[in-house]
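Input: a single structure, listed below in structure tokens.
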Amino acid sequence: MTPAQLSDAIVATLAAQVEAGTLRLPDGVPSEVVVERPRSKEHGDYATNVALKLAKRAGMSPRDLAQALADGLAATDGIERVDIAGPGFLNITVSAGAQGKVAADVVAAGTAYGASDAFAGERINLEFVSANPTGPIHIGGVRWAAVGDALGRIFTMTGAQVTREYYFNDHGGQIDRFSSSLLASAKGEPIPEDGYGGQYVDDIAKDVLARRPDALDLPEDEAREVFRAEGVDLMFAEIKKSLHDFGVDFDVYFHEDNLHTSGAVKRAVERLTELGNTYEKDGALWLRTEKYGDDKDRVIIKRDGEGSYLSGDLAYYLDKRERGFDRCFIMLGADHHGYVGRMMAMCAAFGDVPGKNLEILIGQMVNLVRDGQPLRMSKRAGTVVTIDDLVEAIGVDAARYALGRFSSDSTIDIDLDLWARQSSDNPVFYVQYAHARLASILRNAGDLGLAPAGDDFDPALLSHEREGDLLRALAEFPRVVAAAAQLREPHRVARYLEDTASSFHKFYDSCRVLPMGDEEPTDLHRARLLLVDATRIVLANGLGLLGVSAPERM
RNA sequence: GCCCCUGUAGCUCAGGGGAUAGAGCACCGCCCUCCGGAGGCGGGAGCGAAGGUUCGAAUCCUUCCAGGGGCACCA
């Protein structure tokens with residue numbers, strides 16, 4: 001009996017009573033009701049506030065409605081007891097048999113356990129990282145590398161068709177400054193005032209020269225073009241590799257240059273003009289974003305005839321929509337939040353629905369801390385903390401978990417000393433350790449020739465309080481994944497894993513799994529082994545959603 | 001000036017309107033004859049402030065205070 005099944009049972013009870021004429025619901029029977037795990041054990045295994053919610057509409061007192069529902073529900077298979085508490089909560093106690101069955105369900109589903117159809121049929125485009133190829137990915141971009149990829153995995157688990165996309169910005173002034181910096185470095189000249197500094201610039205310049213030894217003999221303009229093309233190519237390859245090593249691979253790398261050369265910008269501008277959302281002023285073409293809630297209108301074609309940065313975004317958005325994506329996500333750092341207004345206005349100007357067809361997620365800043373001191377970084381001084389630095393300091397698993405376990409809305413400090421530690425202070429080790437411990441029990445069972453319970457599994461054997469707690473935790477997993485998808489909050493999965501690991505340790509502490517000494521194996525041993533297997537699967541699936549490994553041994 | 005995020009235990013953070021607000025760490029006291037003690041059990045301590053909506057608010061609304069980040073015909 002899972003919370004979802006319980007919700008269905010309650011809905012069915014409501015429907016039956018409406019059918020029988022003993023209950024009137026003018027707005028109809030809800031399709032699902034809130035079923036939660038009460039904090040206190042005295043309140044049963046599950047509780048619902050449905051009577052409190054529907055009382056007014058039904059024209060009954062909450063407690064009367066609760067009583068009517070309790071009578072109906074008590075007849076449901078798998079429900080042991082229904083109590084009415086407080087203002088009208090229904091506290092439901094599930095029978096051990098119905099509860100224990102979850103273990104078998106998890107094992108049967110295997111790697112698919114946790115999946116749902118919450119986003120079935122949705123085509124989702126996730127654009128994230130999209131760092132300019134003018135340098136390595138720094139710490140700001142890493143947050144979304146971890147969280148965006150996790151969100152993609154979560155959406156996939158909830159039935160969506162996900163495309164990960166990287167907007168590769170190879171057009172405009174920053175690239176020009178990058179190529180000038182490379183050229184200067186190759187010539188041994190000082191980096192230009194507004195250029196890029198740091199070791200990587202010298203490295204890339206050297207690599208360009210290795211590829212094109214003739215570059216410095218070319219006329220200045222041609223040389224700069226060589227450094228631009230080769231430098232961007234090398235930088236981009238490096239970025240891709242860093243991301244790949246981080247466990248993040250994109251389905252589409254979209255080059256901004258394409259938009260300008262293919263006429264996509266022109267087409268997008270024409271579309272907006274047809275819709276009456278552009279006008280000319282001061283020799284530039286403006287988009288009426290203010291009409292759609294932005295602070296002010298924005299230039300899309302500059303006085304010099306070049307498209308503005310926004311023009312690329314317009315064309316890119318239109319392109320995604322034309323490629324059939326119902327939902328386009330863009331994930332940005334807090335320093336970009338000022339774009340949200342114009343991007344949403346742009347979306348509306350196309351006749352789309354902001355917040356649905358286009359969603360912009362803002363992740364707050366990440367600070368790295370070492371020895372209690374924040375690592376201050378400066379791009380100019382070349383003291384940039386990159387994705388590779390982070391991985392080198394704490395490893396991919398810790399990095400992804402550290403970035404993934406906090407709400408994107410909160411600014412986070414990542415303590416490199418803490419996350420590098422192989423101890424229980426470090427949450428990722430707490431969860432991975434639980435997984436390794438589970439794997440170890442299963443290995444030991446294998447050595448004993450003991451297999452988890454199969455078709456003969458009697459769920460009612462798992463009747464210990466700690467077993468019930470653990471089973472209820474396992475039953476939560478699909479809801480946690482669905483909530484993480486709906487709220488775009490992968491950190492919920494991480495927190496859930498920590499709770500579940502804790503439930504497991506508590507279970508393990510008071511429930512002996514394997515036979516002691518030369519004790520004869522019983523059905524209880526085998527039932528518990530099934531529960532161990534189920535728990536291991538849930539932890540592995542959850543870690544997988546975060547892009548973190550689930551080690552068999554540590 | 002305007003916009004966004006945040007303010008919960010000593011610290012780092014969870015808490016999608018529900019019952020007695022949680023976890024880890026830190027601190028104090030316990031628990032190993034056998035499955036991984038990287039574990040478990042117990043203890044103290046908290047919702048920035050004031051109003052409002054609600055049967056019910058850490059959660060929703062308003063104002064204020066504090067911290068962080070933004071406000072280009074740059075990309």
Side-chain angles (χ1 to χ4, degrees), chain A residues 34 36 38-40 42-43 47-49 52-53 55-56 62 85-89 91 132 134 169 171-177 194 256 281-286 295-296 298-304 306-310 312-313 333-341 362-365 367 369 405-415 418 421-427 429-430 432-434 436-445 447-448 483 486-487 489 491-492 494-496 498-499 501-502 504-517 519 525 528-529 532 553-554:
Chain A
V34 175
E36 54 184 13
R39 266 193 290 273
S40 164
E42 298 155 30
H43 297 144
T48 176
N49 62 0
L52 290 160
K53 279 278 186 278
K56 201 170 268 180
F89 289 104
N91 293 334
N132 287 349
T134 54
N169 188 328
H171 183 91
Q174 295 195 18
I175 296 292
D176 295 341
R177 286 196 288 280
D194 56 355
E256 184 190 1
K281 192 182 90 181
D282 304 334
L285 189 71
W286 297 67
D295 302 339
K296 57 185 176 193
R298 306 285 173 175
V299 167
I300 47 177
I301 305 293
K302 297 188 277 187
R303 212 175 342 191
D304 63 9
E306 290 281 309
S308 71
Y309 184 74
L310 187 60
D313 283 337
D335 52 340
H336 286 70
H337 100 270
Y339 301 165
V340 175
I362 298 296
Q364 297 300 313
M365 297 291 168
N367 300 305
V369 175
R405 89 183 275 266
F406 302 105
S407 160
S408 299
D409 284 340
S410 58
T411 309
I412 52 173
D413 294 327
I414 295 196
D415 184 332
L418 165 67
R421 224 172 284 157
Q422 313 245 325
S423 71
S424 63
D425 317 10
N426 181 344
F429 275 91
Y430 183 76
Q432 288 184 315
Y433 171 72
R437 203 176 189 187
L438 286 155
S440 161
I441 298 166
L442 291 163
R443 269 197 308 274
N444 293 346
D447 292 346
L448 293 173
Q486 257 142 25
L487 298 167
E489 292 183 345
H491 76 272
R492 285 168 182 273
R495 301 299 174 148
Y496 164 80
E498 290 166 31
D499 289 345
S502 171
F504 160 66
H505 285 308
K506 288 177 169 132
F507 150 77
Y508 186 72
D509 195 59
S510 40
C511 297
R512 175 81 202 186
V513 177
L514 298 181
M516 290 220 266
E519 186 187 359
H525 291 127
R528 284 179 172 167
L529 205 51
V532 164
R553 290 187 165 84
M554 293 176 71

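Throughout, protein chains are lettered first and strands after them, A, B, ... in sequence-line order, and every chain is numbered starting at 1.
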Problem - Partner nucleotide, any strand, of B/U59 [Watson-Crick/G-U, under 3.5 Å] - result: none

Fill in the blank from the handout: In Watson-Crick or G-U wobble terms, with both distances under 3.5 Å, the base opposite B/C41 is B/G29

Exercise for the section: Could you measure between the two C1' atoms, the one in B/C41 and the one in B/U53, and give it in whole Å? Expected result: 43 Å

Exercise for the section: Examine B/C73: is either OP1 or OP2 under 4.0 Å from a nitrogen or oxygen in the side chain of A/R298? Give yes or no. Expected result: no

Practice task
Taking only the side-chain nitrogens and oxygens of A/K296, find out if one of them lies under 4.0 Å from OP1 or OP2 of B/C2.
Solution key: no

Exercise for the section: Please measure how far the P atom in B/G48 lies from the corresponding atom in B/A14, and state the result in whole Å. Expected result: 14 Å

Practice task
Please state whether the phosphate of B/G36, meaning OP1 or OP2, lies under 4.0 angstrom from any side-chain nitrogen or oxygen of A/N444.
Solution key: yes

Problem - Inter-nucleotide C1' distance (B/U33, B/G15), Å rounded - result: 42 Å

Practice task
Give a yes/no on whether any side-chain N or O of A/S410 is located under 4.0 angstrom from OP1 or OP2 of B/G68.
Solution key: no

Problem - Short side-chain N/O contact to B/G40 OP1/OP2 from A/Y430, under 4.0 Å - result: yes

Exercise for the section: Can you tell me the distance, in whole Å, between the CG atom of A/D409 and the C1' atom of B/G7? Expected result: 13 Å

Exercise for the section: May I ask you to verify if any side-chain N or O of A/R177 is less than 4.0 angstrom from the OP1 or OP2 atom of B/C74? Expected result: no

Exercise for the section: Verify the contact: side-chain N or O of A/H491 to OP1 or OP2 of B/G15, cut-off strictly under 4.0 Å; return yes or no. Expected result: yes

Exercise for the section: Using a cut-off of strictly less than 4.0 Å, decide whether A/K56 has a side-chain nitrogen or oxygen near OP1 or OP2 of B/C55. Expected result: yes

Exercise for the section: For A/R553, report the nucleic acid contact type (base, sugar-phosphate, nothing); a contact means any heavy atom under 4.0 Å. Expected result: base

Handout entry: Distance, P atom - from B/U12 to B/G18, rounded to whole angstrom
Key = 27 Å

